[in-house]
Amino acid sequence: MEYHGYTGFAARVLRDLGLEPGDIIRVMRPDGLAVEGMLLPRYGDVGEPVVVLKLRNGYNVGIRLTGSEVIERVGGAGRGEPGAPVPLAEEVEVGGSKVFILGCGGTVASRIDYETGAVKPYLSPEELSLSIPEMFRYASIEAKQLFAILSEDMKPWMWSVIVEELSRILESGYDGVVVTHGTDTMSYTAAALSFAFHKGLPAPIAMTGSQRSSDRPSSDSAFNLTAAVLVSSKAPFAEVTVVMHGESGDSYALAHRGVRVRKMHSSRRDAFQSINSRPLARVWPYEGRIEVLDGNFRVRGSQELVVENGFDERVAFIKHYPGPIAEIVDLLVDRGFHGIVIEGTGFGHVSSDAVESIRRAVESGVPVVIASQTLFGRVNLNVYSTGRRMLEAGAIPVEDMLAEVAYVKLSWVLARTRDMEEVRRLMLENLAGEISLRHDMNLYPRWSYD
């Protein structure tokens, strides 16, 4: 017999007592131990008489049943249709701004469906008001799920769909937009939006995500979403930003410019950092305060919306390593790719034997863009002979632009022109703050924003 994933003795006990996933139950053993938590479903063919409870601290515990326990239901999360909207929380005070939340994947706005065990997005205002009521202090919220995908499944054609949707939202008069997204590729999408709206953006677009899923006690979902809503509703700038934890606690977030940000840690809550740039702002979501750190920004409401959408998917992004780079470049040209971005060594160099392959690519009408894998600093192909040969072969060094931003920008540029000189001009033009001519050396230590 199977009952919500439980089998055998455990299934019979739960069924006879009428207990279901989502119920709050208390299990009391003869030795005096009492455990209370939410009953979870089981996954897989386990067969052992163990029930799984989620404790109040967020952690799960398994309890082996022997038949001598006293089990009772003491409450429940409700047994409505899984994932169904819930009523708007009456105690929520709604702020005066209007913000739209556009869901594009990730787990930042999600909950566990205890009927199936799946993670389901919740992007209705009703569900958000119960789960994260603090964000409603700053704005009334509308929401829509555009994509429900893993971060690694994001593609350039999806960037175009997001841009189209954001254009419609901004034309409707919202004071700002929050875009929820998986963190692993969020910086790519942030760069794509930055170039698509670089000519005119009337209100902020605040991208945010979650390093830790919403069912974990250390989840950063609520904090990041609240910070992003605060930025989109109240920030003085109209920029594409990534808004995430600024330190490991729950004190402040940082709003990073969309073409200057990189995920620097696989799991820390403060994983995102501005590279070769200061963050735009420090954000205290629970205090409702925004401290501008970089005064060079596009002012909210100063521009009309201008959209340049479209991305070329035939762009390759490769990293230089002690291997057959020349062969890879030749293969990409032969396979009909329209552009190549190479993340070169410190100053942007590739191996000497790859220089002629770069020349062949350029002569075939395939631009080769060179960024640096060192993150901080800039490309300089004038220092050593290999770099000068790369320049003579037609390589395009992109100063201090992040390599992944260069990839996105080349994709955007090639959707507008295939003329080599025009491609070079646009790649070297600072369109959205992706290039800076001078660096403040104090930017390199991680937390030097005071």
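Distance check, rounded to the nearest 0.5 Å: CE of M186 to NE2 of H181 gives 7.5 Å. Atom CG in D23 sits 6.5 Å away from atom CG in L39 (nearest 0.5 Å). Here the CD-OG distance, from E434 to S436, works out to 10.0 Å after rounding to the nearest 0.5 Å. Interatomic distance, M28 CE to E69 CD, rounded to the nearest 0.5 Å: 10.5 Å. Atom-to-atom distance recorded for S372:OG and H320:NE2 is 12.0 Å, nearest 0.5 angstrom. Rounded to the nearest 0.5 angstrom, D220 CG and T226 OG1 are separated by 11.5 Å.
A donor-acceptor pair shorter than 3.5 Å can be found between the side chains of K263 and T183. D312 and S411 share no side-chain donor-acceptor pair at under 3.5 Å. In the model, E247 has a side-chain atom that pairs as donor or acceptor with a side-chain atom of S251 under 3.5 Å. A donor-acceptor contact closer than 3.5 angstrom links the side chains of S357 and D330. S210 and S221 share a side-chain donor-acceptor pair at under 3.5 Å. Defined by atom type and a distance below 3.5 Å, a donor-acceptor pair is present between the side-chain atoms of D250 and H245.
A salt bridge is defined here as a Lys NZ or Arg NE, NH1 or NH2 lying under 4.0 Å from an Asp or Glu carboxylate O, and E239 with R257 meets this definition. A salt bridge links R168 with E165: the distance from a Lys NZ or Arg NE/NH1/NH2 to an Asp or Glu carboxylate oxygen falls below 4.0 Å.
Taking 4.5 Å as the limit, some side-chain heavy atom of W159 sits within range of a side-chain heavy atom of T189. Contact check for I25 versus E36: no side-chain heavy atoms found under the 4.5 Å cut-off. Taking 4.5 Å as the limit, every side-chain heavy atom of I71 sits out of range of all side-chain heavy atoms of L14. Taking 4.5 Å as the limit, some side-chain heavy atom of L305 sits within range of a side-chain heavy atom of E171.
Proximity of a side-chain donor or acceptor of W412 to a complementary backbone N or O of E308 within less than 3.5 Å is detected. Using a distance-only test at 3.5 Å, with no hydrogens or angles considered, a donor-acceptor pair links the side chain of N276 to the main chain of G377. Remark: the backbone N or O of M427 is paired with a side-chain donor or acceptor of K409 at under 3.5 angstrom. Checking side-chain atoms of Y138 against main-chain N and O of P285 turns up a donor-acceptor pair under 3.5 Å. In this structure, the side chain of S232 engages the main chain of V229 through a donor-acceptor pair within 3.5 Å. Side-chain atoms of R298 come within 3.5 Å of backbone N or O of H198 as a donor-acceptor pair. Not a single donor-acceptor pair under 3.5 Å links the side chain of T180 to the backbone N or O of G209.
By the 6.0 Å and 45° rule, R282 stacks over the aromatic ring of Y252.
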| What do the steps show when you test K234 against D175 for salt bridge (charged side-chain N to carboxylate O under 4.0 Å, His left out), and what is the final call? | CA-CA 8 Å; K234 306 298 182 186; D175 295 297; over 6 Å; no
| field | Full working for ring-ring contact (aromatic ring centres under 6.0 Å, His included) between F311 and F195 | value | CA-CA 10 Å; F311 301 88; F195 293 122; 8.4 Å; no
| task | Given ring-ring contact (aromatic ring centres under 6.0 Å, His included), test H256 with F272 step by step and report yes or no. | result | CA-CA 8 Å; H256 306 275; F272 284 78; 7.1 Å; no
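For the pairing with P367, the side chain to side chain contact (heavy atoms under 4.5 Å, CB included) check across L410, V315, V413, V341 returns one residue only, L410.
Between Y407 and F317, the ring-plane angle classifies as parallel under the 30° and 60° cut-offs.
No more than 12 heavy atoms of other residues, nucleotides or ligands shown are found within 6.0 angstrom of CD on E327.
Residues satisfying the side-chain hydrogen bond (donor to acceptor under 3.5 Å, both in side chains) criterion with R335, sequence neighbours excluded, are absent altogether.
When all heavy atoms of C104 and L146 are compared, the closest pair comes out as SG-CD2, 4.3 Å.
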